[in-house]
Number of protein chains: 2
Amino acid sequence: MTEKIRETGERVTIRTVAEDAGVSTAAVSKVLRNAYGVSDTLRSKVLTSIEKLGYRPSTAARGMRGKTYSIGLLLTEMENAFLPKVVRGAKEVFGAANYQVMIGVGEAQASIEQSLIDSMMDMRMDGVLLVAPRLTGTVLAGYAAKTPLVVIGHHEPSAETFDTVNSDDVAGAREAVCALIASGYRDIHMTSLSQRRFDMPAGEGEVFTMRETGYLAAMQEAGLSDRARIWRLREREGCEGPPLTDLLKVGPRPEAVFCWSDIHALELINLAWSRGVRVPEDLAIVGYDDTPAAGMPIVGLSSVNQQGADLGRQAARAMLSRIEGRTTPEHILLEPALKTRRSSGS
Amino acid sequence: MTEKIRETGERVTIRTVAEDAGVSTAAVSKVLRNAYGVSDTLRSKVLTSIEKLGYRPSTAARGMRGKTYSIGLLLTEMENAFLPKVVRGAKEVFGAANYQVMIGVGEAQASIEQSLIDSMMDMRMDGVLLVAPRLTGTVLAGYAAKTPLVVIGHHEPSAETFDTVNSDDVAGAREAVCALIASGYRDIHMTSLSQRRFDMPAGEGEVFTMRETGYLAAMQEAGLSDRARIWRLREREGCEGPPLTDLLKVGPRPEAVFCWSDIHALELINLAWSRGVRVPEDLAIVGYDDTPAAGMPIVGLSSVNQQGADLGRQAARAMLSRIEGRTTPEHILLEPALKTRRSSGS
DNA sequence: GTGAAAGCGCTAACAT
DNA sequence: ATGTTAGCGCTTTCAC
């Protein structure tokens, strides 16, 4: 470690800057934080020295007393093509406020997610932003007691200690299914995930649960309740649960399928293509998330767009206000919009 | 300190643990780091207290004296579907060695990348791993002087102060083009990016430059040099440079196109589909990276697979050995393999 | 084998 | 408006 320093000479600390500028370390610190009570003369002297010496504050040292100007962003997994937009939106707002964003990737396992959140707190990040965590409300509340916490993709409007930012998944699903109904489809099934929790109050739960609610509501409103059927399938290959192929095997096949996510929808559209099942003539498909692949002309998958960038921006704003002291919870719901393409028919 | 009641909220520090276990803070620190000279009795006492109190070492405080057991992973951008595998591979190795990985996303801008690397160093991360950075060798060397540095996707085998891990892009491109030639195609063009630097020694440069070299070599070996043509296009919509549509406009159209990346290849395959140009009958296409979208049956894009997970693993191993003191550079080259699908013909 | 004590580079009272 | 100074929670000699 000492040898490392020898390369460029002594490490430049706040003291080096103070000496160079002929002021106290407190003065430098104040300039750094734009604190009250610094004359323009002092400020410019300090800034000049900082520039000259190439000084950079140690985040580690800062973390011991004050803030680190960094926030941790936890992604459930990297494979989901919907996440980049969320990240971009969040970074946009955080960046403008001079916060650095460090991302942790959870590998879709709750234990890894927790370990990462712990690490972010160990690093004294100023806040933690979770995207679609596989964690229960209780666990989240535990973290919220120790750090500013905002969660995207977890419906819990009654949470008192952290904020949630979501797309209105019930409305999005309803819109998708209504569109299918309007196109004349009647036998409409849905693909979803296996339930993980059963005791959530109405209006709370994971996103796929909300989408199931929207699906069922739309079916009921159209008097199609008896045709409704939800397939609880594994998320992707390698996951537990029955495979998507089951759905295509059913005979008679449904006329249309609403998939809780593009992950399923893309798999299904490819499966159909491989087996000569025409989309949408033999089977109409609507997905969710409007990922880049859905938008490829060759794919043409109708999908519900949930404004990823906006989710990220709103969550970042919530985070900033929470860091600045807000304690009353905020629960934001954004309006999704169906993007219609070939796969859902006319 | 005495009267203060330990309610939930009192931060558990190394001192709390020391008091609880009836030992010194130094002892606790030693147990934490598996340092030499701790009796089993002491160790178990300390471990018990740590467990009981739920103690977690502050990374921030650690960063001021020793290591943080965290490494920074910089991604050029999140949109590239090739990156998740690299990240997974790297995390696998780092995780096994008890290092946490924090990811920074560069938004494809050199300045943002630099700012993120700086932040990682400010946080006293133990090393920085760069994936496909948009930075010059000189800049990289500058960072390498201050922190252990490993770079994926940047060819610079002569670098003395940092390690590089790459797929053999020249070989990969050659393989792809040879396969097209073997299928009978002669008029084979290539899409690449606009040059950013002109004075790199042979064997060095950005990945697309290496792939151009492989393309030209394969064409020359087949006596097709006079048919070779490289289209320097923008990376994707929103970037600078001429659009990919130019290529389809050319008449007579080439028989086949080797794209430096699936980003171009997917755009091209969709463009062709939209305009009724049949793939591969009218135009054969080969991409690079073998991203998930390329593997979708409906797309069927031949693409060069560069073993993303292996790149990540090897880079992580290099990082670990560098952190443990290695100073001689390592430059690793992995063998890519063409994955053949419909888009390149028979 | 174990502990006392000196920092690491900052921030935030509190003085001046 | 500026400076002095006491820590923050660790690691690391250096005594014992």
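Side chains included, hydrogens not; waters and symmetry mates left out as well; all remaining heavy atoms used. Just so we're on the same page: letters track the sequence lines, and every chain starts at 1.
- The residue G37(B) sits close to a base: some heavy atom pair falls under 4.0 Å.
- Distances were taken from every side-chain heavy atom of S39(A) (C-beta onward) to each of dG9(C), dC10(D), dT2(D); the shortest belongs to dT2(D).
- Using a 4.0 Å cut-off, no side-chain N or O of R65(A) falls inside it from OP1 or OP2 of dG9(C).
- Among the protein residues, A27(A) comes within range of the sugar-phosphate backbone only, with heavy atoms under 4.0 Å from sugar or phosphate atoms but none that close to a base.
- For the pair D122(B) CG and dG9(C) P, the computed distance is 13 Å after rounding to whole Å.
- Judged by distance alone, with hydrogens and angles left aside, K30(B) brings no side-chain donor or acceptor close enough to the base of dG1(C) to form a pair under 3.5 Å.
- The existence of a salt bridge linking R134(B) and E206(B) is excluded, since no basic side-chain nitrogen approaches an acidic carboxylate oxygen closer than 4.0 Å.
- Under the 3.5 Å distance criterion, with hydrogens and angles disregarded, no donor-acceptor pair is assigned to the side chains of R124(A) and T68(A).
- Dashed line: the shortest gap from a side-chain N or O of R33(A) to OP1 or OP2 of dA12(C) is under 4.0 Å.
- For the pair K91(A) and F94(A), the NZ or CZ position fails the cation-pi test of under 6.0 Å to the six-membered ring centre and within 45 degrees of the ring normal.
- Within the 4.0 Å cut-off from OP1 or OP2 of dT4(D), not a single side-chain nitrogen or oxygen of T25(A) is found.
- Using a 4.0 Å heavy-atom distance criterion, S29(B) is classed as a base contact.
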